[in-house]
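Step one of this worksheet: look at the structure below.
In the text below, chain A, chain B and the rest are named by the order of the sequence lines, each starting its count at 1.
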2 protein chains.
Amino acid sequence: MKKPAPEPEAQTGVVHVSDKTLRAFLGYQMKRTFNVIQSDLSQTLKPFDLRMLTYTALVLIVDNPGLRQSQLAEAMDIERPNLVVIIDELERRDLIIRDRLPNDRRAYALLPTLAGRRLCEKAVAAAEEHEKRLLRDLNPDAQAMAMKVMQLIENNRRRDS
Amino acid sequence: MKKPAPEPEAQTGVVHVSDKTLRAFLGYQMKRTFNVIQSDLSQTLKPFDLRMLTYTALVLIVDNPGLRQSQLAEAMDIERPNLVVIIDELERRDLIIRDRLPNDRRAYALLPTLAGRRLCEKAVAAAEEHEKRLLRDLNPDAQAMAMKVMQLIENNRRRDS
DNA sequence: TATTGTTATACTCTATAACTATA
DNA sequence: TATAGTTATAGAGTATAACAATA
């Protein structure tokens with residue numbers, strides 16, 4: 001983070017953020033970085049006709065066959081109503097099925113189809129490439145550290161509201 | 001990251017993500033973490049009637065008086081049309097002004113008002129508290145490392161598209 | 001009475017094309 | 001012809017309340 005010349009009406013296109021402000025501004029860098037990951041991943045998943053949300057849902061169902069919608073929504077950190085259309089889409093494309101639980105007929109067990117598993121495998125391989133590209137400058141220690149930092153932040157989530 | 005028992009139809013509420021999948025899934029943890037930061041910051045900014053976008057714009061204008069809208073949009077990583085309503089709102093609340101540049105009458109210099117500076121100061125102080133809370137388990141080294149990781153990822157953004 | 005999935009709905013954020021006024 | 005800001009608009013993603021079926 002170099003400091004550009006602080007003339008007020010600079011036409012350079014370089015925007016200055018003071019150290020004080022930046023320190024108080026985790027969300028600023030976080031959002032920029034997430035935008036990069038999100039748009040890169042979207043491009044990567046386009047050939048499979050998957051978005052980040054449908055991809056995430058599919059991966060989690062393949063990894064956790066029998067998952068209920070409410071559990072999946074919690075894992076994806078989205079509200080239950082918003083998951084419905086995602087599951088609808090995956091089911092319409094015969095990538096997963098909703099299987100009524102015999103012991104609780106309110107809920108569905110979400111199961112991947114064979115086609116779902118196959119598409120998932122290909123999409124995960126592509127996503128691995130995408131991540132390798134984005135993380136190419138980072139040694140495994142730095143990657144692990146970044147993961148740990150994110151998990152710690154998540155654990156400090158507000159309990160209220 | 002402990003491994004929960006991998007029974008397929010677990011009712012435990014714990015969702016399993018295999019190591020292989022997780023490794024290929026930076027966006028998954030990133031999104032969860034960003035959600036936490038975003039919703040916590042939104043709560044924090046509510047008393048000031050600011051959202052993350054209006055807050056970011058205000059901070060950057062206070063730090064870079066005379067900025068043009070196109071520069072600000074680039075800094076915020078959003079499209080120019082989407083910035084207009086944000087600037088409209090800040091101007092309507094007399095937190096900033098649009099000042100025509102005499103040498104290029106197409107563009108505006110964005111300047112904070114006194115009220116804008118004051119609100120910004122208070123909001124930044126609140127945001128600092130918010131960040132301290134989320135980062136309380138992290139030593140400065142880990143924080144700096146996480147920042148560096150995010151910047152490196154951002155620098156690997158796709159050039160195409 | 002509580003929970004699962006659902007519908008409807010509203011709001012925010014994002015992305016694109018086309019316009020205006022200036023350069 | 002190109003650029004800065006704008007308008008209009010469409011599409012994602014998100015959040016909440018209310019409902020039917022089931023527990």
If you find the nucleotide of DNA chain C closest to R80(A) and the one closest to M52(B), which residue's nucleotide is nearer the 5' end? R80(A)
Is any side-chain heavy atom of [Y] closer than 4.5 Å to one of [X]?
{"X": "V84(A)", "Y": "R80(A)", "result": "no"}
{"X": "Q71(A)", "Y": "N64(A)", "result": "no"}
{"X": "L53(A)", "Y": "E89(A)", "result": "no"}

Round to the nearest Å and state the distance from [X] atom [atom1] to [N] atom [atom2].
{"X": "I78(A)", "N": "dA15(D)", "atom1": "CD1", "atom2": "P", "answer": "10 Å"}
{"X": "E74(B)", "N": "dA4(D)", "atom1": "CD", "atom2": "C1'", "answer": "14 Å"}
{"X": "I86(B)", "N": "dA15(C)", "atom1": "CD1", "atom2": "P", "answer": "12 Å"}
{"X": "D77(B)", "N": "dC13(C)", "atom1": "CG", "atom2": "P", "answer": "15 Å"}
{"X": "M76(B)", "N": "dT14(C)", "atom1": "CE", "atom2": "P", "answer": "8 Å"}
{"X": "N82(B)", "N": "dA12(D)", "atom1": "CG", "atom2": "C1'", "answer": "12 Å"}
{"X": "Y108(A)", "N": "dT6(C)", "atom1": "OH", "atom2": "C1'", "answer": "9 Å"}
{"X": "E79(A)", "N": "dT4(C)", "atom1": "CD", "atom2": "P", "answer": "13 Å"}

Output the pairing pattern of DNA chain D as a dot-bracket string, 5' first, Watson-Crick or G-U wobble with both distances under 3.5 Å, | for cross-strand pairs, [ ] for crossing pairs. |||||||||||||||||||||||
For the pair R93(A) (side chain) and G116(A) (backbone), establish whether a donor and an acceptor sit closer than 3.5 Å, ignoring hydrogens and angles. no
Looking at residues 32-41 of chain A, who's got a heavy atom less than 4.0 Å off DNA chain C?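 Hits under 4.0 Å, by residue number: none.
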For nucleotides 18-23 of chain C, tabulate all protein N/O to nucleotide N/O atom pairs closer than 3.5 Å, reporting atom names and distance.
residue, atom, partner, partner atom, Å
dA23(C), OP1, R105(B), N, 2.9

Using a heavy-atom cut-off of under 4.0 Å over every strand shown, decide if L53(A) touches base, sugar-phosphate, or nothing. sugar-phosphate
side-chain hydrogen bond (donor to acceptor under 3.5 Å, both in side chains) evaluation trace for Y108(B) with R100(B): CA-CA 5 Å; Y108(B) 292 110; R100(B) 279 275 182 220; 3.2 Å; yes
Start with the C-alpha distance between Q69(B) and L110(B), add both sets of side-chain angles, then the distance that settles side chain to side chain contact (heavy atoms under 4.5 Å, CB included), and finish with yes or no. CA-CA 7 Å; Q69(B) 287 185 208; L110(B) 300 174; 3.8 Å; yes
Which heavy atom of L60(A) sits nearest a heavy atom of L67(A), and at what distance?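 Smallest interatomic distance, heavy atoms only, reads O-CD2, 4.3 Å.
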Phosphate oxygens OP1/OP2 of dT3(C): is one of them under 4.0 Å from a side-chain N or O of S70(A)?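 No.
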With a 4.0 Å cutoff (strictly under), does any side-chain N or O of Q69(A) reach OP1 or OP2 of dT6(C)?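 Checking Q69(A) against dT6(C): at least one side-chain N or O falls below 4.0 Å of OP1 or OP2.
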Does CZ in R118(B) sit with more than 12 non-hydrogen atoms of other residues, nucleotides or ligands closer than 6.0 Å? no
Side chain to side chain contact (heavy atoms under 4.5 Å, CB included), that's the test. Do D77(A) and R157(A) meet it? Break it down for me. CA-CA 12 Å; D77(A) 204 15; R157(A) 155 168 277 174; 3.3 Å; yes
Determine, stepwise, if the pair V124(B) / V62(B) fulfils side chain to side chain contact (heavy atoms under 4.5 Å, CB included). CA-CA 11 Å; V124(B) 166; V62(B) 167; over 6 Å; no
Aromatic rings F34(B) and F34(A): how do their planes relate, parallel, tilted or perpendicular, breaks at 30° and 60°? parallel
With side chain to side chain contact (heavy atoms under 4.5 Å, CB included) as the test, would you mind laying out the steps for D141(B) and M145(A) before giving the verdict? CA-CA 11 Å; D141(B) 278 358; M145(A) 167 80 94; over 6 Å; no
